[in-house]
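A short write-up of the structure that comes next.
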Amino acid sequence: MIPTTLELTADPNGIARAADLLRQGLLVAFPTETVYGLGGDARDGEAVARIYEAKGRPSFNPLIAHVASVEAAQRFVQWSDQAERLANAFWPGPLTLVLPLKPGHGVSSLVTAGLDTLAVRVPAHPTARALLAAVDGPVAAPSANPSGQISPTTATHVHAGLGGRIAAVLDDGPCGVGLESTIVGLTGEPSLLRPGGVALEKIETVLNTRLHLHKAGDMLTAPGQLQSHYAPDAPVRLNAETVQGDEVLLGFGPVICDMNLSETSSLTEAAANLFAALHSLNKTGRPIAISPIPDHGLGAAINDRLRRAAAPRDS
Ligand code: AMP
Ligand code: MG
């Protein structure tokens, strides 16, 4: 654990220090025009796992990757005419675009929760932009508060909630309105995935089309929360001590297995490896047995995901 959380001032030195910490895989809270975000290097699975650990999130849902510019976003996602129009109109700003990932993107599958799409945004806050430019990479950043608590709009709020659990807070005074970014899906017909800081009507005007609206219930349901959204094709059996029949074993800790989430029983490492492991074992076409995973800390979120993978299928 991190004993003290550094308080960094949002000047060039503080921003450079924050960027260094992020590059080391540590967590830094930083201001955006919506709320303070809890940033971790989106290419570093263990850093992303630490975000879940620090927030005490009980489940993995996809996170937004924050980048400094349109060009930076284009390194990770397949750009489109619609993305271009929305980015021209609303970036930097509180609009998040969900687009297909590009081959060789390098983003941790814990950021996308195993999806083949990525939510990206260029925030408008000058300190956030300076930090992202200094990191020169995608930074995953949900709100910097313990899971289930109110989003922070000052560095003091961040300290109160996460002090001692993250490396640093980059303090630039109170931020914004506390309204989240609007999320637009551009992987099929354009759709509103979450209302937020940019009004629906403005987006529709720019795209010259109506956005597909989800039913009230869906809006609250992050894709990661859908019961069998990331379910492998093969049956999944949890808490397996030994393999049965044709099963492949996804291990945890010192066990003989086909693939190990963490030989050293590190929950952070296991979380970082989880989605990639499920994908690759799924490709074997064999049923998947999974070792018991302790149910504390990050283990709770891992087990939540595994229970969904093992749940009866929707279709
Ligand atoms: P937060 O970072 O807490 O503002 O929440 C991120 C939101 O973005 C969640 O509601 C996610 O479901 C949504 N999101 C992130 N990535 C994706 C994606 N690839 N597809 C659809 N929604 C996404
Ligand atoms: Mg939040």
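Ligands are counted one by one from 1 in listed order, and the atoms in each one are counted from 1 as well. This chain uses plain numbering: 1 for the first residue, then up along the sequence.
Under a cut-off of 6.0 angstrom, the local environment of CZ in R85 is crowded, with over 12 non-hydrogen atoms contributed by other residues, nucleotides or ligands.
A side-chain hydrogen bond (donor to acceptor under 3.5 Å, both in side chains) with D20 holds for exactly one of Q24, R23, R17; it is R23.
Atoms of ligand 1 found under 4.0 Å from any heavy atom of L193, numbered from 1 in the order shown, are 21 (C), 22 (N). The distance from ligand 1 to the heavy atoms of L115 drops below 4.0 Å at these ligand atoms: 18 (C), 19 (N), 20 (N).
Residue-to-ligand polar distances keep N61 apart from ligand 1: every N/O pair is separated by 3.5 Å or more.
Heavy-atom separations between T112 and ligand 1 are all 4.0 Å or longer. The shortest separation from a heavy atom of R57 to ligand 1 is under 4.0 Å, placing the residue in contact.
For atom 19 (N) of ligand 1, the nearest non-hydrogen atom from the set V77, T117, V111 belongs to T117. Nearest-residue assignment for atom 1 (P) of ligand 1 (options H66, R194, K55, R121; heavy-atom criterion): R194.
Counting heavy atoms under 4.0 Å from ligand 1, residue V98 touches it through the side chain alone. Contact annotation: for T96 versus ligand 1, there are no heavy atoms closer than 4.0 Å.
Note on ring orientation: taking the six-membered ring where Trp is involved, the planes of F60 and Y52 are perpendicular (angle over 60°, cut-offs 30° and 60°).
Remark: the N145 side chain and the S143 side chain contain an N/O donor-acceptor pair separated by less than 3.5 Å. Between the side chains of T96 and R194, not a single donor N or O lies within less than 3.5 Å of an accepting N or O.
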